[in-house]
Amino acid sequence: MSPLGRAQAKAVGAAIASSVDVVIASDLGRAHDTARAIAAEAGHGIALDPRLRERCYGVLEGHTWVEVEQKFPDAWLRMTARDPAYAPPSGESAKAFRDRVMDALHDIARAHQGRRVAIVTHGGVVGVLYRHVMNIPLDSRREYSLLNASINRFRRVTDRWFLDVWGDVSHLEGLEGGDEI
């Protein structure tokens, strides 16, 4: 993580420290590093959950869209058609990704009912919950912003999710470099 990323993670932690009872994070690098900074500010440990990882794109990972179009033309066509059931070779479909993420979030909410949980994860995971709450189909293009180091507050009442705050980056004011980690 860059020095700016560390400063942003610390700023997120300071902003939410008093309103967090539990910190749960993806086990992947930057999310885990960010969770450590938040947990330190909040005075909590971290639980890791691999179900909070970003979507697996299989053989397409590590390639730009131009490279995918050139090296994997069939996969590129299927991905750009936005078929929620299509999984790239060795990857997962948008539907499988959504189901994994929502299962994890429901499990976390049930296990920590009545507690305030900070979930530190990736843009795609946050986007899944946003789409769920806003009833946006998986085959729709993303028309909303996903800002790094932003605070997004969701709450679950009974079995229904609500969005209270989206894309709050006010805690990053004064940090050089805007919203990038």
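- What you find for Ala11 and Leu175 is that their closest heavy atoms are CB-CD1, 4.2 Å.
- Atoms CG and CG, from Asp83 and Leu138 in turn, are 10.5 Å apart once rounded to the nearest 0.5 Å.
- Phe97 approaches Val125 most closely through the heavy-atom pair CZ-N, 3.8 Å.
- Looking only at distances, a side-chain donor or acceptor of Ser26 sits under 3.5 Å from a matching main-chain atom of Leu28.
- The shortest distance between side-chain heavy atoms of Asp27 and Arg53 falls below 4.5 Å.
- Checking Asn152 against Ser150 by side-chain atom types alone, a donor-acceptor pair falls below 3.5 Å.
- A continuous path of ILVMFWY side-chain contacts below 4.5 Å connects Ile136 to Leu146, so both sit in one hydrophobic cluster.
- For the pair His171 and Ala15, the tightest heavy-atom approach, listed with the atom from each and the gap, is CB-CB, 3.7 Å.
- Residues forming a side-chain contact (heavy atoms from CB on, under 4.5 Å) with Ala96 (at least two apart in sequence, or on another chain): Glu92, Ser93.
- Between the CG atom in Leu60 and the CH2 atom in Trp65 there is a gap of 6.5 Å [rounded to 0.5 Å].
- Between the side chain of Arg153 and the backbone N or O of Trp166, no donor-acceptor pair lies under 3.5 Å.
- Atom-to-atom distance recorded for Arg98:CZ and Asp103:CG is 9.5 Å, nearest 0.5 angstrom.
- Between His122 and Ala31 the shortest heavy-atom distance is CE1-CB, 3.7 Å.
- With sequence neighbours left out, the ring-ring contact (aromatic ring centres under 6.0 Å, His included) criterion links Tyr144 to Tyr130.
- Judged by distance alone, the side chain of Arg155 and the main-chain N or O of Trp161 form no donor-acceptor pair under 3.5 Å.
- Lys10 contributes atom NZ, which lies 12.0 Å from atom CZ of Arg6 (distance to the nearest 0.5 angstrom).
- Here the CE-CG distance, from Met102 to Leu129, works out to 5.0 Å after rounding to the nearest 0.5 Å.
- Between His63 and Phe72, the ring center distance clears the sub-6.0 Å criterion.
- Taking Ile, Leu, Val, Met, Phe, Trp and Tyr as hydrophobic and joining them when side-chain heavy atoms fall under 4.5 Å apart, one finds Val12 in a cluster with Ile16, Val20, Val23, Ile38, Ile46, Leu48, Val120, Ile151.
- Ion pairing between Lys95 and Asp99 holds under the 4.0 Å rule for side-chain N and carboxylate O.
- For Arg82 against Arg142, the heavy-atom pair with the smallest separation is NH2-N, 4.3 Å.
- Judged as a side chain to side chain donor-acceptor pair (under 3.5 Å), and not counting sequence neighbours, Arg55 has no contacts.
- Remark: Asp139 pairs with no residue by the side chain to side chain donor-acceptor pair (under 3.5 Å) rule, at least two apart or across chains.
- Here Arg36 pairs with Asp33 in a salt bridge; the nearest charged N to carboxylate O distance falls below 4.0 Å.
- Judged by distance alone, with hydrogens and angles left aside, the side-chain atoms of Asp21 form a donor-acceptor pair with the main-chain N or O of Arg116 at under 3.5 Å.
- Taking CD1 of Ile24 as the reference point, atom CG of Leu52 lies at 7.5 Å (rounded to 0.5 Å).
- Looking at His106 and Arg110, their side chains never bring a donor and an acceptor atom within 3.5 Å of each other.
- The side-chain contact (heavy atoms from CB on, under 4.5 Å) test applied to Glu69 returns Trp76, not counting sequence neighbours.
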